[in-house]
Amino acid sequence: MQAVGYETDDWVRVVMYRDAFAFIRGLGPEKLDTLEISGGVQWRREFGFKSYLSTEYPGFDVCAETLPQRFDLIIADQIFEHLKWPMRAARNVYTMLKPGGYFIIATPFLLRVHASPIDCNRWTETGLSCLLQEAGFTEKDIVTNSWGNRSCVQANFNRWQKAGFLGSLKNEPNFPVMVWAFARKPFESQER
């Protein structure tokens with residue numbers, strides 16, 4: 001359906017996926033050992049990573065533990081809004097990255113509360129950058145972005161709306177529905 005212009009992803013995610021997918025293509029996904037925290041199908045469907053591991057809560061709690069492996073790329077897509085301890089989780093992500101590795105984090109902002117099992121956090125671009133800096137990333141190694149518009153905010157009051165043919169992708173910066181960041185761990189890094 002996307003070949004004819006019908007977007008099948010949730011409207012709130014379309015622009016973020018386009019940006020993040022282009023970013024990953026630029027890294028060369030076939031060279032990346034990748035971890036997705038509470039993984040979905042989008043990233044696996046789009047890329048042939050060198051290796052791919054997905055965790056699931058409660059089997060793996062990113063707020064309380066790290067894996068022994070180190071990764072070139074860690075993805076947390078719509079996860080951090082559900083975490084009681086996002087700073088702990090961000091520090092654990094930082095620890096699990098190889099020097100020079102990347103973290104992609106995407107969270108909603110102007111979106112209804114959706115407990116899964118809880119929902120307790122929202123960040124602006126500035127707030128997300130501050131969270132990542134507190135976790136160990138340097139400000140110069142963080143790129144943030146956001147997207148949204150009034151129509152998308154209203155459409156998602158009751159259900160997860162698909163963009164379809166009519167969902168405008170015009171960005172109204174004062175109505176961010178989705179906020180995301182790409183953060184790179186320095187090559188010479190002091191572990192926390």
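Below, all heavy atoms of this structure are taken into account, side chains as well, without hydrogens, waters or symmetry copies.
When every heavy atom of Met178 is checked against every heavy atom of Pro108, the shortest pair comes out as SD-N, 4.0 Å. Minimum heavy-atom separation, Ile118 to Lys84: CD1-CG, 3.4 Å. The two residues Met87 and Ala135 come nearest to each other via the heavy atoms SD-N, 4.0 Å. Nearest heavy-atom pair across Ser146 and Asn171 is O-ND2, 3.7 Å. Val179 and Leu128 get closest at one heavy-atom pair: CG1-CD2, 3.9 Å. Closest approach of Pro176 to Pro173, counting heavy atoms only: CD-O, 3.5 Å.
Using a 4.5 Å heavy-atom threshold, the side chains of Asn156 and Asp10 count as separate. The shortest distance between side-chain heavy atoms of Met96 and Val62 falls below 4.5 Å. The shortest side-chain heavy-atom distance between Ile74 and Thr34 does not fall under the 4.5 Å cut-off. At least one side-chain heavy atom of Leu169 sits less than 4.5 Å from a side-chain heavy atom of Val14. The closest side-chain heavy-atom distance from Phe80 to Ile105 is below 4.5 Å. Contact of the Leu73 side chain with the Ile104 side chain is registered, since non-hydrogen atoms from C-beta on lie closer than 4.5 Å. Leu53 places a side-chain heavy atom less than 4.5 Å from the side chain of Gln69. No side-chain heavy atom of Pro29 sits less than 4.5 Å from a side-chain heavy atom of Glu46.
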_As a quick check of understanding, evaluate side chain to side chain donor-acceptor pair (under 3.5 Å) for Glu36 and Ser54, giving each step before the final call._
CA-CA 5 Å; Glu36 185 174 3; Ser54 176; 5.3 Å; no

*Candidate pair Asp119 and His82, rule side chain to side chain donor-acceptor pair (under 3.5 Å), full reasoning*: CA-CA 4 Å; Asp119 188 339; His82 301 293; 4.8 Å; no

_Under the criterion side-chain contact (heavy atoms from CB on, under 4.5 Å), I'd like the reasoning laid out for Phe109 against Val177: C-alpha separation, chi angles, the key distance, then a yes or no._
CA-CA 5 Å; Phe109 185 69; Val177 175; over 6 Å; no

*Stepwise side-chain contact (heavy atoms from CB on, under 4.5 Å) test for Gln133 and Ile142*: CA-CA 8 Å; Gln133 289 174 62; Ile142 300 167; 3.6 Å; yes

*Stepwise, does the side-chain contact (heavy atoms from CB on, under 4.5 Å) test hold for Thr55 with Leu35?*
CA-CA 8 Å; Thr55 64; Leu35 169 66; 3.6 Å; yes

*From CA spacing to verdict: side chain to side chain donor-acceptor pair (under 3.5 Å), Asn92, Thr66*: CA-CA 6 Å; Asn92 286 341; Thr66 62; 5.6 Å; no

*asked:* Please evaluate residues Cys130 and Trp123 with respect to the criterion side-chain contact (heavy atoms from CB on, under 4.5 Å), reporting the C-alpha separation (whole Å), side-chain torsions for both, the decisive distance (0.1 Å), and the verdict.
replied: CA-CA 9 Å; Cys130 291; Trp123 292 274; over 6 Å; no

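Under 3.5 Å, the side chains of Glu81 and Thr107 contain no donor-acceptor pair of N or O atoms. In summary, the side chains of Glu125 and Ser129 do not present any donor paired with an acceptor at a separation below 3.5 Å, with no hydrogens or angles considered.
With sequence neighbours excluded, the residues forming a side chain to side chain contact (heavy atoms under 4.5 Å, CB included) with Ser151 are Trp11, Asn149, listed by chain and number. Looking at residues two or more places apart in sequence or on another chain, you find no side chain to side chain contact (heavy atoms under 4.5 Å, CB included) involving Glu30. In terms of the ring pair (Phe, Tyr, Trp, His ring centres under 6.0 Å) criterion, residue partners of Phe21 (sequence neighbours excluded) are, by chain and number, Tyr17, Trp43, Phe47. Qualifying salt bridge (Lys or Arg N to Asp or Glu O under 4.0 Å) partners for Glu65, counting only residues two or more places apart in sequence or in other chains: none.
Residue Met16 is grouped with residue Leu27 when hydrophobic side chains (ILVMFWY) are merged at heavy-atom distances under 4.5 angstrom, including chains of intermediate members. Linking ILVMFWY side-chain heavy atoms closer than 4.5 Å, directly or via other members, places Leu132 and Phe23 in a single hydrophobic cluster. Put simply, Val93 and Phe60 are part of the same group of oily side chains (I, L, V, M, F, W, Y) that touch within less than 4.5 Å, one to the next.
Among pairs with a residue in residues 137-150, those fulfilling salt bridge (Lys or Arg N to Asp or Glu O under 4.0 Å) read Arg150-Glu172, at least two apart in sequence or across chains. The side chain to side chain donor-acceptor pair (under 3.5 Å) contacts involving residues 173-184 comprise Asp19-Trp180, Tyr102-Arg184, where partners must be two or more places apart or lie in separate chains.
Atoms CD1 and CG, from Ile37 and Leu67 in turn, are 8.5 Å apart once rounded to the nearest 0.5 Å. A distance of 10.0 Å separates CZ in Phe157 from CZ in Arg112, rounded to the nearest 0.5 Å. The distance from atom OG of Ser51 to atom CZ of Phe71, rounded to the nearest 0.5 Å, is 7.0 Å. Considering CD1 of Ile75 and CZ of Phe103, their distance stands at 10.0 Å, rounded to 0.5 Å.
Of the charged side-chain nitrogens involved, at least one lies within less than 4.0 Å of a carboxylate oxygen, so that Asp33 and Lys98 count as a salt-bridged pair.
Cation-pi geometry between Lys185 and Tyr94 is met: under 6.0 angstrom from the ring centre, within 45 degrees of the axis.
Within the 3.5 Å criterion, the main-chain N or O of Ala106 finds no donor-acceptor partner in the side chain of Arg13.
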